[in-house]
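Data first, discussion second: the structure below is written as C-alpha coordinates.
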Amino acid sequence: MSKRDYYDVLGIAKGASADEIKKGYRKKAKELHPDRNSDNPKAEEQFKEANEAHEVLKDPEKKAAYDRYGHAAFEGGMGGGGRPGGGQGDFSSAFSDVFDDLFGDFMGGQRSGGGGRNRAARGSDLRFNLRVSLEEAFAGLQKTINVPTAVNCSSCEGTGADGGVEPTNCPTCSGIGKVRAQQGFFTVERTCPTCSGMGQIIKNPCNSCSGQGRVEKERALSVNIPAGVETGTRIRLSGEGEAGVRGGPSGDLYIFIEVNKHKLFERDGVNLFCNVPVSMSSAALGGDIEVPTIDGGRSRVKIPAGSQSGRQMRLRSKGMPALRGGGAGDMFIELAVETPVNLTSRQKELLKEFEDLSEDNNPESKSFFSSVKSFWDSMKG
(Lines give C-alpha, C1' and ligand atoms only; values in the text may rest on other atoms or scores of the structure.)
Protein backbone atom coordinates (compact mmCIF):
# COMPACT_ATOMS: atom_id res chain seq x y z
CA MET A 1 0.00 0.00 0.00
CA SER A 2 1.48 3.34 -1.10
CA LYS A 3 2.01 6.04 1.48
CA ARG A 4 0.05 9.26 1.38
CA ASP A 5 1.82 12.51 0.72
CA TYR A 6 3.00 13.97 4.05
CA TYR A 7 1.65 17.41 3.21
CA ASP A 8 -1.77 15.92 2.45
CA VAL A 9 -1.66 13.98 5.73
CA LEU A 10 -1.28 17.24 7.69
CA GLY A 11 -3.68 19.14 5.44
CA ILE A 12 -1.14 21.77 4.41
CA ALA A 13 0.25 23.02 1.11
CA LYS A 14 3.62 21.96 -0.30
CA GLY A 15 6.35 24.37 0.71
CA ALA A 16 4.54 25.26 3.95
CA SER A 17 6.54 27.16 6.57
CA ALA A 18 7.66 25.63 9.86
CA ASP A 19 4.89 27.49 11.67
CA GLU A 20 2.25 26.24 9.23
CA ILE A 21 3.56 22.68 9.59
CA LYS A 22 3.32 22.91 13.38
CA LYS A 23 -0.22 24.33 13.26
CA GLY A 24 -1.34 21.67 10.79
CA TYR A 25 0.10 18.92 12.96
CA ARG A 26 -1.53 20.22 16.12
CA LYS A 27 -4.88 20.37 14.38
CA LYS A 28 -4.59 16.81 13.08
CA ALA A 29 -3.23 15.46 16.38
CA LYS A 30 -6.20 16.83 18.30
CA GLU A 31 -8.63 15.65 15.61
CA LEU A 32 -7.26 12.09 15.36
CA HIS A 33 -6.21 11.39 18.95
CA PRO A 34 -7.48 7.88 19.87
CA ASP A 35 -8.90 9.05 23.18
CA ARG A 36 -11.29 11.27 21.24
CA ASN A 37 -12.09 8.62 18.60
CA SER A 38 -12.82 5.45 20.54
CA ASP A 39 -15.52 4.51 18.01
CA ASN A 40 -13.14 4.86 15.05
CA PRO A 41 -10.73 1.91 14.72
CA LYS A 42 -8.70 3.73 12.04
CA ALA A 43 -7.97 6.72 14.26
CA GLU A 44 -4.85 5.19 15.84
CA GLU A 45 -3.23 4.46 12.46
CA GLN A 46 -4.12 7.92 11.15
CA PHE A 47 -2.73 9.44 14.34
CA LYS A 48 0.57 7.57 13.81
CA GLU A 49 0.59 8.64 10.17
CA ALA A 50 0.24 12.31 11.15
CA ASN A 51 3.04 11.93 13.69
CA GLU A 52 5.29 10.32 11.08
CA ALA A 53 4.61 13.16 8.62
CA HIS A 54 5.40 15.73 11.29
CA GLU A 55 8.66 14.00 12.24
CA VAL A 56 9.89 14.48 8.68
CA LEU A 57 8.54 17.90 7.83
CA LYS A 58 9.58 19.59 11.09
CA ASP A 59 13.24 18.70 10.46
CA PRO A 60 14.75 21.06 7.82
CA GLU A 61 17.17 18.41 6.44
CA LYS A 62 14.56 15.65 6.26
CA LYS A 63 12.04 18.03 4.76
CA ALA A 64 14.49 19.09 2.03
CA ALA A 65 15.18 15.44 1.20
CA TYR A 66 11.47 14.62 1.11
CA ASP A 67 10.67 17.61 -1.08
CA ARG A 68 13.28 16.38 -3.57
CA TYR A 69 12.89 12.60 -3.53
CA GLY A 70 9.58 11.95 -1.79
CA HIS A 71 9.23 8.76 0.30
CA ALA A 72 12.14 7.24 -1.59
CA ALA A 73 14.49 9.46 0.40
CA PHE A 74 13.93 7.32 3.50
CA GLU A 75 13.73 3.81 2.04
CA GLY A 76 16.42 1.36 3.08
CA GLY A 77 17.75 2.67 6.38
CA MET A 78 14.59 2.70 8.40
CA GLY A 79 13.77 0.39 11.27
CA GLY A 80 10.42 -0.38 12.78
CA GLY A 81 8.36 -0.69 9.61
CA GLY A 82 10.10 1.89 7.47
CA ARG A 83 9.54 4.99 9.58
CA PRO A 84 11.94 7.92 8.95
CA GLY A 85 14.62 8.46 11.59
CA GLY A 86 15.09 4.86 12.72
CA GLY A 87 12.59 5.03 15.64
CA GLN A 88 10.33 2.22 16.79
CA GLY A 89 7.25 4.10 15.65
CA ASP A 90 5.04 2.54 18.35
CA PHE A 91 1.95 4.25 19.71
CA SER A 92 3.45 5.23 23.06
CA SER A 93 6.29 7.03 21.24
CA ALA A 94 3.80 8.88 19.08
CA PHE A 95 1.77 9.83 22.16
CA SER A 96 4.92 11.11 23.85
CA ASP A 97 5.83 13.22 20.81
CA VAL A 98 2.44 14.81 20.45
CA PHE A 99 2.31 15.51 24.19
CA ASP A 100 5.66 17.24 23.97
CA ASP A 101 4.70 19.27 20.89
CA LEU A 102 1.30 20.29 22.20
CA PHE A 103 2.32 21.10 25.75
CA GLY A 104 6.09 21.57 25.58
CA ASP A 105 5.81 25.35 25.87
CA PHE A 106 4.24 24.87 29.31
CA MET A 107 6.76 22.25 30.44
CA GLY A 108 10.05 24.04 30.21
CA GLY A 109 10.29 26.71 27.52
CA GLN A 110 10.98 27.04 23.81
CA ARG A 111 13.22 24.66 21.94
CA SER A 112 16.48 26.04 20.73
CA GLY A 113 17.68 25.67 17.16
CA GLY A 114 20.00 22.81 18.11
CA GLY A 115 17.23 20.52 19.36
CA GLY A 116 17.85 21.22 23.04
CA ARG A 117 16.29 23.82 25.29
CA ASN A 118 17.68 27.22 26.03
CA ARG A 119 18.50 26.99 29.74
CA ALA A 120 20.16 30.37 30.26
CA ALA A 121 17.76 31.52 32.96
CA ARG A 122 16.63 35.14 33.15
CA GLY A 123 17.69 37.05 36.24
CA SER A 124 15.20 37.97 38.94
CA ASP A 125 13.45 41.33 39.10
CA LEU A 126 14.46 43.54 42.02
CA ARG A 127 12.57 46.06 44.17
CA PHE A 128 14.13 49.18 45.68
CA ASN A 129 12.22 51.49 48.04
CA LEU A 130 13.19 55.15 47.66
CA ARG A 131 12.09 57.92 50.05
CA VAL A 132 11.95 61.52 48.79
CA SER A 133 10.82 64.80 50.32
CA LEU A 134 7.70 66.62 49.14
CA GLU A 135 9.91 69.36 47.69
CA GLU A 136 11.84 66.73 45.68
CA ALA A 137 8.58 65.19 44.49
CA PHE A 138 7.46 68.65 43.38
CA ALA A 139 10.60 69.55 41.44
CA GLY A 140 11.87 66.11 40.36
CA LEU A 141 15.50 65.11 40.71
CA GLN A 142 18.37 62.94 39.53
CA LYS A 143 19.38 60.60 42.33
CA THR A 144 22.12 57.98 42.70
CA ILE A 145 21.11 54.79 44.49
CA ASN A 146 23.17 51.80 45.59
CA VAL A 147 21.48 48.48 44.78
CA PRO A 148 22.81 45.13 46.06
CA THR A 149 22.38 42.68 43.19
CA ALA A 150 23.93 39.83 41.19
CA VAL A 151 26.10 40.91 38.24
CA ASN A 152 27.88 38.95 35.52
CA CYS A 153 31.14 37.40 36.70
CA SER A 154 34.04 39.23 35.08
CA SER A 155 36.37 36.24 35.40
CA CYS A 156 34.30 33.91 33.22
CA GLU A 157 32.28 36.57 31.36
CA GLY A 158 29.06 35.09 32.69
CA THR A 159 29.53 31.56 31.31
CA GLY A 160 30.31 29.96 34.67
CA ALA A 161 33.26 28.05 33.17
CA ASP A 162 36.89 28.64 34.13
CA GLY A 163 38.67 30.80 31.57
CA GLY A 164 35.45 31.69 29.79
CA VAL A 165 35.18 28.30 28.07
CA GLU A 166 31.68 27.58 26.80
CA PRO A 167 29.68 24.91 28.69
CA THR A 168 29.01 21.63 26.87
CA ASN A 169 25.73 19.82 26.31
CA CYS A 170 24.80 17.41 29.07
CA PRO A 171 25.49 13.80 27.92
CA THR A 172 22.56 12.44 29.94
CA CYS A 173 19.79 14.56 28.37
CA SER A 174 21.60 15.69 25.18
CA GLY A 175 21.07 19.33 26.15
CA ILE A 176 17.30 19.11 26.61
CA GLY A 177 17.38 19.44 30.40
CA LYS A 178 14.84 16.63 30.88
CA VAL A 179 14.93 12.85 30.70
CA ARG A 180 12.11 10.46 29.87
CA ALA A 181 11.21 7.14 31.44
CA GLN A 182 8.70 4.67 30.00
CA GLN A 183 6.06 3.55 32.50
CA GLY A 184 3.66 1.25 30.72
CA PHE A 185 1.51 3.22 28.30
CA PHE A 186 2.81 6.61 29.48
CA THR A 187 6.14 8.37 29.10
CA VAL A 188 7.14 10.36 32.20
CA GLU A 189 9.40 13.38 31.80
CA ARG A 190 11.65 14.49 34.67
CA THR A 191 14.33 17.10 35.25
CA CYS A 192 17.74 15.77 34.29
CA PRO A 193 19.64 14.79 37.48
CA THR A 194 23.05 15.43 35.89
CA CYS A 195 22.62 19.07 34.83
CA SER A 196 19.67 19.98 37.12
CA GLY A 197 17.61 20.96 34.11
CA MET A 198 20.15 23.41 32.67
CA GLY A 199 20.86 21.26 29.61
CA GLN A 200 24.57 22.01 29.91
CA ILE A 201 27.39 21.02 32.21
CA ILE A 202 30.59 22.80 33.17
CA LYS A 203 33.63 20.57 33.51
CA ASN A 204 35.79 23.26 35.13
CA PRO A 205 33.62 25.72 37.08
CA CYS A 206 34.85 29.26 37.55
CA ASN A 207 36.42 29.76 40.99
CA SER A 208 35.05 33.29 41.33
CA CYS A 209 31.36 32.44 40.88
CA SER A 210 31.33 28.66 41.53
CA GLY A 211 29.90 28.05 38.07
CA GLN A 212 26.91 30.36 38.42
CA GLY A 213 28.19 32.97 35.99
CA ARG A 214 27.36 35.82 38.39
CA VAL A 215 28.52 37.29 41.70
CA GLU A 216 26.94 39.48 44.39
CA LYS A 217 27.85 43.14 44.14
CA GLU A 218 26.49 46.58 45.02
CA ARG A 219 25.81 48.71 41.96
CA ALA A 220 25.48 52.50 41.83
CA LEU A 221 22.68 53.59 39.50
CA SER A 222 21.57 57.07 38.51
CA VAL A 223 17.78 57.36 38.58
CA ASN A 224 15.66 60.14 37.10
CA ILE A 225 12.73 60.90 39.43
CA PRO A 226 10.13 62.88 37.45
CA ALA A 227 8.24 65.79 38.98
CA GLY A 228 4.87 64.87 40.45
CA VAL A 229 5.66 61.42 41.87
CA GLU A 230 3.71 60.31 44.92
CA THR A 231 3.76 57.44 47.37
CA GLY A 232 3.23 54.22 45.42
CA THR A 233 4.65 55.51 42.13
CA ARG A 234 6.65 52.72 40.44
CA ILE A 235 9.61 53.38 38.15
CA ARG A 236 10.90 50.49 36.00
CA LEU A 237 14.53 50.27 34.89
CA SER A 238 14.71 47.59 32.21
CA GLY A 239 17.66 45.20 32.45
CA GLU A 240 18.94 46.64 35.74
CA GLY A 241 17.83 43.70 37.91
CA GLU A 242 19.81 40.57 38.70
CA ALA A 243 22.06 39.17 35.99
CA GLY A 244 20.84 35.92 34.45
CA VAL A 245 22.37 32.54 35.27
CA ARG A 246 25.20 31.58 32.89
CA GLY A 247 24.77 34.48 30.53
CA GLY A 248 20.98 34.69 30.65
CA PRO A 249 19.24 38.07 30.27
CA SER A 250 19.05 40.38 33.28
CA GLY A 251 15.83 41.07 35.14
CA ASP A 252 14.34 44.50 35.73
CA LEU A 253 14.65 46.90 38.65
CA TYR A 254 11.45 48.41 40.08
CA ILE A 255 11.80 51.54 42.20
CA PHE A 256 8.87 52.26 44.54
CA ILE A 257 8.56 55.87 45.68
CA GLU A 258 7.55 56.92 49.18
CA VAL A 259 7.08 60.65 49.80
CA ASN A 260 7.87 61.83 53.32
CA LYS A 261 5.26 63.77 55.30
CA HIS A 262 5.68 67.54 55.29
CA LYS A 263 5.55 69.69 58.42
CA LEU A 264 3.39 72.35 56.71
CA PHE A 265 1.62 70.89 53.67
CA GLU A 266 -0.73 67.96 53.34
CA ARG A 267 -1.13 66.38 49.93
CA ASP A 268 -4.23 64.99 48.25
CA GLY A 269 -3.38 63.97 44.70
CA VAL A 270 -2.14 67.09 42.94
CA ASN A 271 -3.64 69.49 45.50
CA LEU A 272 -1.94 70.83 48.64
CA PHE A 273 -3.56 71.95 51.89
CA CYS A 274 -2.15 74.02 54.74
CA ASN A 275 -3.35 75.93 57.80
CA VAL A 276 -2.44 79.62 57.98
CA PRO A 277 -2.67 81.50 61.31
CA VAL A 278 -4.06 85.07 61.16
CA SER A 279 -4.44 87.59 63.95
CA MET A 280 -7.86 88.44 65.31
CA SER A 281 -7.54 92.02 64.09
CA SER A 282 -6.57 90.92 60.54
CA ALA A 283 -9.48 88.50 60.43
CA ALA A 284 -11.88 91.21 61.63
CA LEU A 285 -10.58 94.11 59.57
CA GLY A 286 -9.25 92.23 56.55
CA GLY A 287 -5.88 92.71 54.91
CA ASP A 288 -3.08 91.05 53.02
CA ILE A 289 -0.90 88.21 54.30
CA GLU A 290 1.95 86.22 52.77
CA VAL A 291 1.86 82.42 52.72
CA PRO A 292 4.73 80.02 51.84
CA THR A 293 4.44 77.82 48.74
CA ILE A 294 5.95 74.40 47.95
CA ASP A 295 8.38 75.89 45.41
CA GLY A 296 10.09 77.83 48.22
CA GLY A 297 8.50 81.17 47.38
CA ARG A 298 5.70 83.18 48.98
CA SER A 299 2.30 84.30 47.68
CA ARG A 300 0.26 87.30 48.82
CA VAL A 301 -3.32 86.49 49.83
CA LYS A 302 -6.09 89.03 50.51
CA ILE A 303 -8.09 88.23 53.65
CA PRO A 304 -11.69 89.53 53.50
CA ALA A 305 -12.95 91.45 56.53
CA GLY A 306 -14.88 89.33 59.00
CA SER A 307 -13.15 86.05 58.09
CA GLN A 308 -13.71 83.20 60.53
CA SER A 309 -11.55 80.22 61.48
CA GLY A 310 -11.92 77.36 59.01
CA ARG A 311 -12.47 79.55 55.97
CA GLN A 312 -10.73 78.09 52.90
CA MET A 313 -9.12 80.05 50.12
CA ARG A 314 -7.67 78.70 46.87
CA LEU A 315 -4.40 79.56 45.15
CA ARG A 316 -4.70 78.20 41.65
CA SER A 317 -1.82 76.20 40.09
CA LYS A 318 0.20 76.39 43.32
CA GLY A 319 -0.13 72.66 44.03
CA MET A 320 1.81 69.64 42.75
CA PRO A 321 2.52 69.05 39.05
CA ALA A 322 0.64 66.20 37.38
CA LEU A 323 2.98 63.24 36.81
CA ARG A 324 1.95 62.69 33.19
CA GLY A 325 1.31 66.30 32.22
CA GLY A 326 -1.89 68.27 32.41
CA GLY A 327 -0.78 71.24 34.50
CA ALA A 328 -0.57 71.59 38.26
CA GLY A 329 -3.01 71.27 41.11
CA ASP A 330 -4.16 73.99 43.49
CA MET A 331 -3.13 75.03 46.97
CA PHE A 332 -5.86 75.47 49.57
CA ILE A 333 -5.20 77.51 52.70
CA GLU A 334 -7.43 77.29 55.77
CA LEU A 335 -7.53 80.29 58.09
CA ALA A 336 -6.96 79.78 61.80
CA VAL A 337 -7.85 82.94 63.74
CA GLU A 338 -5.57 83.33 66.77
CA THR A 339 -6.89 84.49 70.14
CA PRO A 340 -4.45 86.98 71.73
CA VAL A 341 -2.80 85.96 75.02
CA ASN A 342 -0.68 87.75 77.67
CA LEU A 343 -2.56 91.02 77.18
CA THR A 344 -1.37 94.30 78.71
CA SER A 345 -3.70 96.42 80.84
CA ARG A 346 -4.24 98.82 77.95
CA GLN A 347 -5.09 95.97 75.58
CA LYS A 348 -7.61 94.62 78.05
CA GLU A 349 -9.20 98.07 78.38
CA LEU A 350 -9.50 98.34 74.61
CA LEU A 351 -11.07 94.90 74.35
CA LYS A 352 -13.50 95.76 77.15
CA GLU A 353 -14.40 98.95 75.36
CA PHE A 354 -14.87 96.95 72.15
CA GLU A 355 -17.15 94.53 74.00
CA ASP A 356 -19.24 97.39 75.43
CA LEU A 357 -19.56 98.99 72.04
CA SER A 358 -20.58 95.66 70.58
CA GLU A 359 -23.34 95.34 73.19
CA ASP A 360 -24.57 98.88 72.51
CA ASN A 361 -24.69 98.28 68.77
CA ASN A 362 -26.33 94.88 69.12
CA PRO A 363 -29.38 94.87 71.51
CA GLU A 364 -29.73 91.11 71.23
CA SER A 365 -26.13 90.66 72.30
CA LYS A 366 -26.71 93.10 75.21
CA SER A 367 -29.77 91.15 76.32
CA PHE A 368 -27.77 87.94 76.19
CA PHE A 369 -24.98 89.28 78.36
CA SER A 370 -27.53 90.68 80.83
CA SER A 371 -29.16 87.25 81.11
CA VAL A 372 -25.81 85.64 81.74
CA LYS A 373 -25.01 88.23 84.43
CA SER A 374 -28.40 87.65 86.14
CA PHE A 375 -27.79 83.91 86.09
CA TRP A 376 -24.43 84.21 87.83
CA ASP A 377 -25.82 86.71 90.37
CA SER A 378 -28.58 84.23 91.27
CA MET A 379 -26.04 81.46 91.70
CA LYS A 380 -24.05 83.62 94.13
CA GLY A 381 -27.17 84.34 96.17
Side-chain angles (χ1 to χ4, degrees), residues 105-110 117-160 167 177 191 195-200 202 205-273 294 319-326 328-329:
D105 290 349
F106 301 99
M107 299 290 288
Q110 301 284 344
R117 297 184 187 274
N118 183 6
R119 297 292 173 177
R122 179 181 182 273
S124 299
D125 294 335
L126 296 178
R127 171 174 178 151
F128 187 89
N129 295 327
L130 179 62
R131 299 175 69 94
V132 297
S133 67
L134 187 61
E135 288 85 355
E136 290 173 330
F138 169 81
L141 74 155
Q142 195 80 18
K143 196 174 185 70
T144 299
I145 60 174
N146 295 314
V147 182
T149 182
V151 299
N152 280 330
C153 176
S154 58
S155 300
C156 65
E157 299 180 352
T159 64
T191 300
C195 65
S196 301
M198 295 296 294
Q200 297 177 321
I202 299 175
C206 172
N207 293 326
S208 300
C209 63
S210 302
Q212 290 297 307
R214 58 184 189 175
V215 293
E216 296 295 327
K217 187 178 179 181
E218 191 172 84
R219 295 180 60 199
L221 296 174
S222 180
V223 183
N224 179 41
I225 309 299
V229 295
E230 57 185 318
T231 297
T233 297
R234 187 181 71 171
I235 299 173
R236 174 174 172 261
L237 299 183
S238 179
E240 298 294 353
E242 283 191 347
V245 178
R246 298 183 186 176
S250 298
D252 298 332
L253 173 64
Y254 291 90
I255 299 175
F256 285 79
I257 302 296
E258 183 176 352
V259 181
N260 295 329
K261 288 187 176 181
H262 198 273
K263 62 181 180 180
L264 179 60
F265 298 104
E266 289 188 11
R267 181 179 183 178
D268 184 6
V270 294
N271 295 324
L272 294 176
F273 297 82
I294 189 62
M320 299 293 291
L323 182 58
R324 294 175 178 83

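Please read all numbers here as calculations on a predicted model, not as lab measurements.
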Open item on the list: If you apply the rule salt bridge (charged side-chain N to carboxylate O under 4.0 Å, His left out), what do you find for Asp252 with Arg122, and how did you get there?
Closed with: CA-CA 10 Å; Asp252 298 332; Arg122 179 181 182 273; 3.5 Å; yes
- [ ] Could I get the full list of side chain to side chain donor-acceptor pair (under 3.5 Å) partners for Glu240, not counting sequence neighbours?
- [x] Arg219
TODO: Mind checking the CG-OG spacing from Leu237 to Ser250? Nearest 0.5 Å is all I need.
DONE: 12.5 Å
Task: Closest contact, heavy atoms only, Cys153 versus Cys206 - done: SG-SG, 3.9 Å
- [ ] Taking the side chain as every heavy atom from C-beta outward, state whether Asp125 and Leu253 have any atom pair closer than 4.5 Å.
- [x] no
- [ ] Would you name the heavy atoms of Cys195 and Gly177 that are closest together and state the gap between them?
- [x] SG-CA, 4.2 Å
TODO: Can you measure from CZ (Phe128) to OG1 (Thr149) and round to the nearest 0.5 angstrom?
DONE: 12.0 Å
Open item on the list: Using modelled atom types and a 3.5 Å cut-off, is there a donor and acceptor pairing between side-chain atoms of Gln212 and backbone atoms of Cys209?
Closed with: no
TODO: Verify, without hydrogens or angle tests, whether Arg267 (side chain) and Gly269 (backbone) share a donor-acceptor contact under 3.5 angstrom.
DONE: yes
Task: Leu130 side, atom CG; Ile235 side, atom CD1 - distance, nearest 0.5 Å - done: 7.5 Å
- [ ] Could you pull out all residues at least two apart from Ser124 that satisfy side chain to side chain contact (heavy atoms under 4.5 Å, CB included)?
- [x] Glu242
- [ ] Could you tell me whether the side chain of Met320 reaches within less than 4.5 Å of the side chain of Leu272, counting heavy atoms only?
- [x] yes
Donor-acceptor contacts under 3.5 Å from residues 223-232 side chains, at least two apart:
from   : atom 1 : to     : atom 2 : distance (Å)
Thr231 : OG1    : Val259 : N      : 3.0

Task: Side-chain donor or acceptor of Asn271 paired with backbone N/O of Gly329 under 3.5 Å - done: no
Task: Heavy-atom donor-acceptor pair, Arg214 side chain to Ala150 backbone, under 3.5 Å - done: no
TODO: Return the set of residues passing side chain to side chain donor-acceptor pair (under 3.5 Å) with Asp268 (not counting sequence neighbours), or none when no residue passes.
DONE: none
Open item on the list: Suppose the criterion is ring pair (Phe, Tyr, Trp, His ring centres under 6.0 Å): which pairs have a residue in residues 244-265, not counting sequence neighbours?
Closed with: His262-Phe265
Task: Modelled atom types, side-chain donor and acceptor of Asn129 and Arg131, under 3.5 Å - done: no
Open item on the list: Could you report the tightest heavy-atom contact between Val270 and Pro321, atom names first, then the distance?
Closed with: CG1-O, 4.3 Å
Per-pair distances, 0.1 Å, donor-acceptor, side chain in residues 140-147, under 3.5 Å, sequence neighbours excluded:
from   : atom 1 : to     : atom 2 : distance (Å)
Gln142 : NE2    : Ser222 : OG     : 3.0

TODO: Please name the pair of heavy atoms, one in Ala137 and one in Val132, separated by the smallest distance, quoted to 0.1 Å.
DONE: CB-CG2, 4.4 Å
Task: Leu134 and Asn260, any side-chain heavy atoms less than 4.5 Å apart - done: no
